[in-house]
There are 2 protein chains.
Amino acid sequence: MSNPTAAMLVIGDEILSGRTRDSNMHHLAQELTKQGIVLAEVRVVADQHAAIVAALNALRGAFDHVFTSGGIGPTHDDITADAVAAAFGVSIGIRDDARALLAAHYERQGQEFNAARQRMARIPEGASLIDNPVSIAPGFTLENVHVMAGVPTIFQAMVASVLPTLTGGAPLLSQSLRIARGEGEIAGPLADLAAEFPDLSFGSYPFQKDGAYGANVVVRGQDGARVDAAMTRLAGIFPA
Amino acid sequence: MSNPTAAMLVIGDEILSGRTRDSNMHHLAQELTKQGIVLAEVRVVADQHAAIVAALNALRGAFDHVFTSGGIGPTHDDITADAVAAAFGVSIGIRDDARALLAAHYERQGQEFNAARQRMARIPEGASLIDNPVSIAPGFTLENVHVMAGVPTIFQAMVASVLPTLTGGAPLLSQSLRIARGEGEIAGPLADLAAEFPDLSFGSYPFQKDGAYGANVVVRGQDGARVDAAMTRLAGIFPA
């Protein structure tokens, strides 16, 4: 497949401690799939400089795009922007355009634009800003790394700002069939079908719910006619 | 901190495509925190041999424990056991005790113990089995790697089987305070407090909901008296 690839880096102690359930991964995965960009890996790391830098450098070298969430607020544990600058070996400081956006916002709100809030205008050298219509403090893109907030409403707004600027591939189409048999009975015929359609991917996702069991079989590919053909064969093998 | 560390490896195309929302990460994070084991990193990779092997070898070298979820069922896309064997450089084959468990199960159910189902008895050399009270097919532990199913009910049962066998650390205690002010006003005093209590960790997690906004500040540490002391100071700085 020649679709562009992406990785996500979630930065947040609160996810790793079990305090918060991450929802940004699921949102980004769905949006990238629609755009034909293949999310190939996700990493979650703690709010630690060395861990963020190491993960960023591994991922930005391996994939076409890297999306980060978390760690760009005003508090002492928000260290993502500095870690990104360190990963790229560039300087970081308060940038005039980001500062102006924030100063106007806090003036409108009648709130003090104090030192902590000014930290949110710290942007690595060479980055472009990502619009934040929710709470103004911008994200930023540096080369192939897109740095976004962790609060889900803001993360989603930033994803909506960034994705239209990226070149996607042919969207990955998928169809699924719910089969009310054990995976152990589905497995043999499914492996044969997968061998017959090497250009498609076949996934089997078992369920057990309210006494019923079986598997959802998902067929994915870029050519809709081929996906249709495989689904027709599958439905013939496992009639409802 | 001298608490043991852990990483999680989630194996699953269905998470990366956005089809399924992962819930195993959140469950494991909560259970490890209770046990005093620090979940330091999570990775999600696709059902691809090379990606699984590379992630496993990176994580098992860096952390005390690695927990995997997904990819141990009977279908052709279930390749985790073979990838674990390859990562450790050991052989893999159908093991008599696992085979006997499964054979008895399918006989009770009046279902054929076919070739696909026998795949679930493939266990890397040197591993010990992890009990699966839900659907019998076992997980396994090889050195510091614990290999478990992706279906949440089975994953949770396997976690319950494995965790009591591991040595934990002092549980990490946490308390939180909901502060109805912008993070930009909390940030300065919070940074000062964090410097005053270097043995504790302070996290700030902003919220915006139904027109209200503020942050939940979480204080974590192993010494309950110290956490209490920090919370008292915090509540004094930000009275309700």
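In what follows, chains are A, B, ... by sequence order, proteins preceding strands, each numbered from 1. In this text, all values refer to a predicted model and were calculated from it rather than measured experimentally.
For the set A:His26, A:Gln30, A:Lys34, the count of heavy-atom pairs under 4.5 angstrom toward chain B peaks at A:His26. With chain B as partner, the option from A:Arg220, A:Arg119, A:Arg19, A:Met25 having the largest number of non-hydrogen pairs under 4.5 angstrom is A:Arg19. For chain B, the option among A:Gln48, A:Arg43, A:Glu185 with the highest count of heavy-atom pairs below 4.5 Å is A:Arg43. Considering only heavy-atom pairs separated by less than 4.5 Å from chain B, the leading option among A:Ala191, A:Ser17, A:Gly203, A:Ala116 is A:Ser17. With chain A as partner, the option from B:Ala29, B:Gly188, B:Ala187, B:Gly184 having the largest number of non-hydrogen pairs under 4.5 angstrom is B:Gly184. The most heavy-atom pairs under 4.5 Å with chain B, out of A:Gly12, A:Pro74, A:Ser135, A:Ser174, come from A:Pro74. Interface remark: of the candidates B:Tyr213, B:Phe207, B:Tyr205, B:Tyr106, B:Tyr205 forms the most heavy-atom pairs closer than 4.5 Å to chain A. Highest contact tally toward chain B, considering only A:Ala46, A:Ala137, A:Gly73, A:Ala40, is held by A:Ala40 [criterion: heavy-atom pairs under 4.5 Å].
Interface with chain B: from residues 107-115 of chain A, residues A:Gln111, A:Asn114 qualify, criterion being any non-hydrogen pair under 4.5 Å.
Neither the backbone nor the side chain of A:Leu32 comes within contact range of chain B, judged by heavy atoms closer than 4.5 Å. Heavy-atom distances place no part of B:Leu28 under 4.5 Å from chain A, backbone and side chain included. Both the backbone and the side chain of B:Thr75 come within contact range of chain A, with heavy atoms under 4.5 Å apart. For B:Thr20, the part sitting under 4.5 Å from any heavy atom of chain A is the backbone (N, CA, C, O) and nothing else.
Using modelled atom types, one side-chain atom of B:His76 and one backbone atom of A:Phe202 make a donor-acceptor pair closer than 3.5 Å.
Note: B:Leu16 CG to A:Met8 CE = 11.0 Å, rounded to the nearest 0.5 Å. Note that the OG atom of A:Ser204 and the CG atom of B:Asp78 stand 7.0 Å from one another [nearest 0.5 Å].
Checking each of A:Val10, A:Val44, A:Asp22, A:Val45 against B:Val42 for a side-chain contact (heavy atoms from CB on, under 4.5 Å) leaves exactly one that passes, namely A:Val44.
A salt bridge does not link A:Glu183 with B:Arg117: every distance from a Lys NZ or Arg NE/NH1/NH2 to an Asp or Glu carboxylate oxygen is 4.0 Å or more.
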